[in-house]
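Reminder, nothing fancy here: chain letters follow the sequence lines and each chain counts from 1. What's counted below: heavy atoms across the whole structure, side chains too, no hydrogens, waters or symmetry copies.
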There are 2 protein chains.
Amino acid sequence: MQIEDSLGPFIQTLNERSFWIEVSNMKELTNRELSSLAYKKVKEMILSNQLRPGEKIVQDKLATTLGISRTPLRTALQMLESEYLVESIPRRGVVVRKLSNEKMVEIYDCRIALESTAVRRFTQIATKDKIERVKRFFSDFIKQSNIDVEKYQIEDIKFHDYIITNCGNSFLGKLFQQSNLLLCINQIGLVRPAHETLPEHLKIINAIDDGDCNLAVELTKDHLLKSKDLITRKL
Amino acid sequence: MQIEDSLGPFIQTLNERSFWIEVSNMKELTNRELSSLAYKKVKEMILSNQLRPGEKIVQDKLATTLGISRTPLRTALQMLESEYLVESIPRRGVVVRKLSNEKMVEIYDCRIALESTAVRRFTQIATKDKIERVKRFFSDFIKQSNIDVEKYQIEDIKFHDYIITNCGNSFLGKLFQQSNLLLCINQIGLVRPAHETLPEHLKIINAIDDGDCNLAVELTKDHLLKSKDLITRKL
DNA sequence: TTTATTAATTTTGTATACGGTATACAGTAT
DNA sequence: ATACTGTATACCGTATACAAAATTAATAAA
């Protein structure tokens with residue numbers, strides 16, 4: 001059990017990975033102070049790998065570690081369960097979910113279906129400023145010969161997240177958030193190297209800029225399909 | 001407040017509508033007795049309209065009505081919130097969600113995206129028995145001149161649910177269950193008359209039987225799009 | 001040494017108690 | 001008559017207590 005050890009230097013340990021978790025994917029739960037706090041902390045601990053996949057969460061210990069009682073922690077765990085980040089086994093406790101490659105493939109299929117819809121709508125309705133914003137995600141990496149993988153991964157997710165949350169279908173966005181469709185994949189880091197996916201991203205952005213929604217959809221499908229296929233081959 | 005009144009004759013009142021809720025779309029939570037019970041009951045009460053959209057749920061009253069304490073009720077409400085059936089407003093309580101036509105349209109777009117993927121996969125992998133099962137959903141209605149709308153609605157949802165849960169992508173199934181993509185639409189009853197949708201269903205089934213997955217996908221898209229468009233026109 | 005059975009300990013799920021916040025209402029002032 | 005403020009009540013969120021179940025440890029038998 002490494003919860004006790006890890007929480008002391010926890011704030012310092014938070015790397016950039018935790019940053020986009022904060023900004024792009026955190027439920028707002030103002031005023032439900034303690035449940036909200038527990039939710040955020042535990043989610044961060046999972047996504048930053050301080051609670052490892054497969055590890056059991058002992059409620060009493062984690063609660064005292066966080067300085068709260070079990071009640072708000074339990075509500076937090078319930079939320080995380082609905083987000084597919086932990087699994088609750090009745091009368092046995094809750095464990096951090098571990099995604100198999102099979103599940104990853106399934107998730108990619110869902111992403112392909114939903115993100116296709118998202119880019120199409122985004123391309124149709126996006127304003128000038130939004131398109132400009134999209135262009136900026138990868139502008140820093142174009143010049144660089146050696147890409148900072150850590151930063152690239154963050155922008156990668158931010159890019160996809162931006163399209164999804166700005167496509168005009170808030171229910172679709174909720175679907176993504178609720179099941180952590182974007183985040184859970186990154187349990188394993190980047191699926192494909194940046195030098196391979198960067199050009200794909202840029203092509204998609206160009207298609208969006210041109211207002212060519214069919215092309216944007218096809219490129220997005222292809223982009224995701226390639227990553228899916230790579231995982232499929234590992235099965 | 002009509003909770004007290006309604007629970008007395010509650011068991012009797014449960015119509016067939018509650019049946020498919022039970023069989024096709026209930027989270028399994030064996031052994032978490034009271035939370036599970038509360039979850040089922042409250043979900044049934046919402047989907048059978050005993051708790052009406054917009055109505056506030058007073059935890060203490062509903063808990064005593066159900067014969068349990070507030071704690072398991074609260075966990076049940078938390079689950080229902082993640083399913084988008086109720087909305088929890090911090091320090092104010094939880095109310096039954098009311099879906100606007102705009103939201104319905106958004107939901108239809110998500111359904112089109114995901115169910116397209118589902119029929120494609122289903123058509124590809126379905127065994128003989130599963131195809132036979134699919135054929136039976138509407139076999140009773142083919143002969144009838146006057147269709148029992150109540151029963152038809154149930155089979156309609158069961159049909160879509162069957163494709164989704166048997167398409168080989170369990171994550172996709174979870175997505176549907178978790179957000180009640182199939183059920184919440186029926187807050188308003190059948191969107192289009194049975195005599196209009198029945199032929200469409202039969203065509204889809206034929207395409208599946210023929211193993212023509214592209215056709216099955218197109219027909220499914222068209223089928224859902226027509227309902228979506230009808231709601232869009234009401235905006 | 002290994003396996004079975006039982007006792008001890010841990011941990012979960014539920015109920016209850018408590019403090020604080022929001023809402024309703026009455027009385028006062030404008 | 002209407003607006004405002006103070007008080008009472010209702011309700012929510014959290015902590016704690018307790019019982020049932022599960023896990024672990026320990027002891028006895030093969």
Side-chain angles (χ1 to χ4, degrees), chain A residues 1-5 7 26-43 45-46 51-52 54-82 85-97, chain B residues 1-5 7 26-43 45-46 51-52 54-82 85-97:
Chain A
M1 181 58 75
Q2 34 69 279
I3 297 177
E4 293 85 345
D5 317 329
L7 205 81
M26 198 58 70
K27 276 187 184 174
E28 286 179 32
L29 296 168
T30 43
N31 276 355
R32 231 122 128 240
E33 336 279 355
L34 294 190
S35 300
S36 169
L37 179 92
Y39 168 78
K40 285 185 187 178
K41 284 261 163 118
V42 178
K43 185 164 181 175
M45 290 174 88
I46 292 171
L51 289 170
R52 298 195 216 90
E55 186 172 340
K56 185 190 173 181
I57 293 175
V58 179
Q59 299 174 6
D60 212 5
K61 282 188 181 173
L62 186 52
T64 52
T65 305
L66 294 173
I68 59 176
S69 79
R70 272 173 58 219
T71 312
L73 175 61
R74 281 168 65 82
T75 81
L77 290 176
Q78 234 123 34
M79 297 189 237
L80 293 170
E81 187 190 6
S82 78
L85 285 176
V86 302
E87 183 180 9
S88 171
I89 305 155
R91 282 253 150 242
R92 308 290 290 282
V94 4
V95 297
V96 181
R97 251 189 209 284
Chain B
M1 183 59 69
Q2 35 70 276
I3 297 177
E4 293 86 343
D5 316 332
L7 206 80
M26 198 58 72
K27 272 189 186 175
E28 288 179 30
L29 294 169
T30 43
N31 277 353
R32 232 124 130 237
E33 336 279 355
L34 294 190
S35 301
S36 170
L37 179 93
Y39 169 77
K40 285 186 188 178
K41 285 262 164 122
V42 178
K43 186 164 180 173
M45 291 174 86
I46 292 172
L51 289 170
R52 298 194 214 88
E55 186 172 340
K56 185 189 174 182
I57 292 175
V58 179
Q59 301 175 6
D60 217 0
K61 282 189 181 172
L62 185 52
T64 52
T65 306
L66 294 173
I68 58 176
S69 78
R70 273 175 56 221
T71 313
L73 175 61
R74 281 171 62 83
T75 81
L77 290 175
Q78 239 125 32
M79 295 189 239
L80 293 170
E81 188 190 5
S82 78
L85 284 175
V86 303
E87 182 179 9
S88 169
I89 305 155
R91 285 251 146 242
R92 305 291 289 285
V94 3
V95 298
V96 180
R97 250 189 209 285

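When the C1' atom of C:dT11 is taken as reference, atom CD1 of A:I89 falls 14 Å away, rounded to whole Å. Residue B:Q78 contributes atom CD, which lies 12 Å from atom C1' of D:dC12 at whole-angstrom precision. Rounded to whole angstrom, the span from the CG atom of A:L77 across to the C1' atom of C:dT12 amounts to 12 Å. As a whole-Å value, the separation of A:L73 CG from C:dT12 C1' is 12 Å. Taking atom CD of residue A:E81 and atom C1' of nucleotide C:dG13, one finds them 14 Å apart after rounding to whole Å. Summarising the geometry, the separation between OH on A:Y39 and P on D:dG13 is reported as 17 Å, rounded to the nearest angstrom. When the P atom of C:dT16 is taken as reference, atom CD1 of B:I68 falls 12 Å away, rounded to whole Å.
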Expected rows: protein N/O vs nucleotides 6-11 of chain D N/O, under 3.5 Å:
none

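Proximity note for A:R74 (side chain, C-beta onward) versus D:dG13, D:dA15, C:dG13: the nearest is C:dG13.
Under the rule for a side chain to side chain contact (heavy atoms under 4.5 Å, CB included), the partners of B:R97 that lie at least two apart in sequence or sit in another chain are B:Y84, B:E87. Applying the side chain to side chain contact (heavy atoms under 4.5 Å, CB included) criterion to B:T71, with sequence neighbours excluded, gives B:S69.
Summarising the geometry, atom CZ belonging to B:R70 is positioned 10.5 Å from atom CG belonging to B:L77; distances are rounded to the nearest 0.5 Å. Put simply, CG on A:D60 and CD1 on A:I57 are 13.5 Å apart, with the number rounded to the nearest 0.5 Å.
Counting only distance, with no hydrogens or angles, the side chain of A:E81 and the backbone of A:Q78 share no donor-acceptor pair below 3.5 Å. A donor-acceptor pair under 3.5 Å is absent between the side-chain atoms of A:K56 and the main chain of A:V96, judged by distance alone.
In this structure, the helix from C:dT1-D:dA30 to C:dT30-D:dA1 shows an angle of 10° between the axis at its start and the axis at its end, each fitted on 5 base pairs and rounded to 10°.
Closest approach of A:L73 and A:L66 over heavy atoms only: CD1-CD1, 4.2 Å. Scanning both residues, A:T75 and A:S35, for their nearest heavy atoms gives OG1-OG, 3.1 Å.
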Open item on the list: Could you go through B:V95 and B:E55, starting from their C-alpha distance and side-chain angles, then the distance that decides it, and tell me whether this counts as side chain to side chain contact (heavy atoms under 4.5 Å, CB included)?
Closed with: CA-CA 5 Å; B:V95 298; B:E55 186 172 340; over 6 Å; no
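The phosphate of D:dT14 has OP1 or OP2 within less than 4.0 Å of a side-chain N or O from A:S35. Within the structure, a side-chain polar atom (N or O) of A:S69 is placed less than 4.0 Å from OP1 or OP2 of D:dA15.
Heavy-atom distances to DNA chain C give each of B:R70 and A:R70 a nearest nucleotide, and the one nearer the 5′ end belongs to A:R70.
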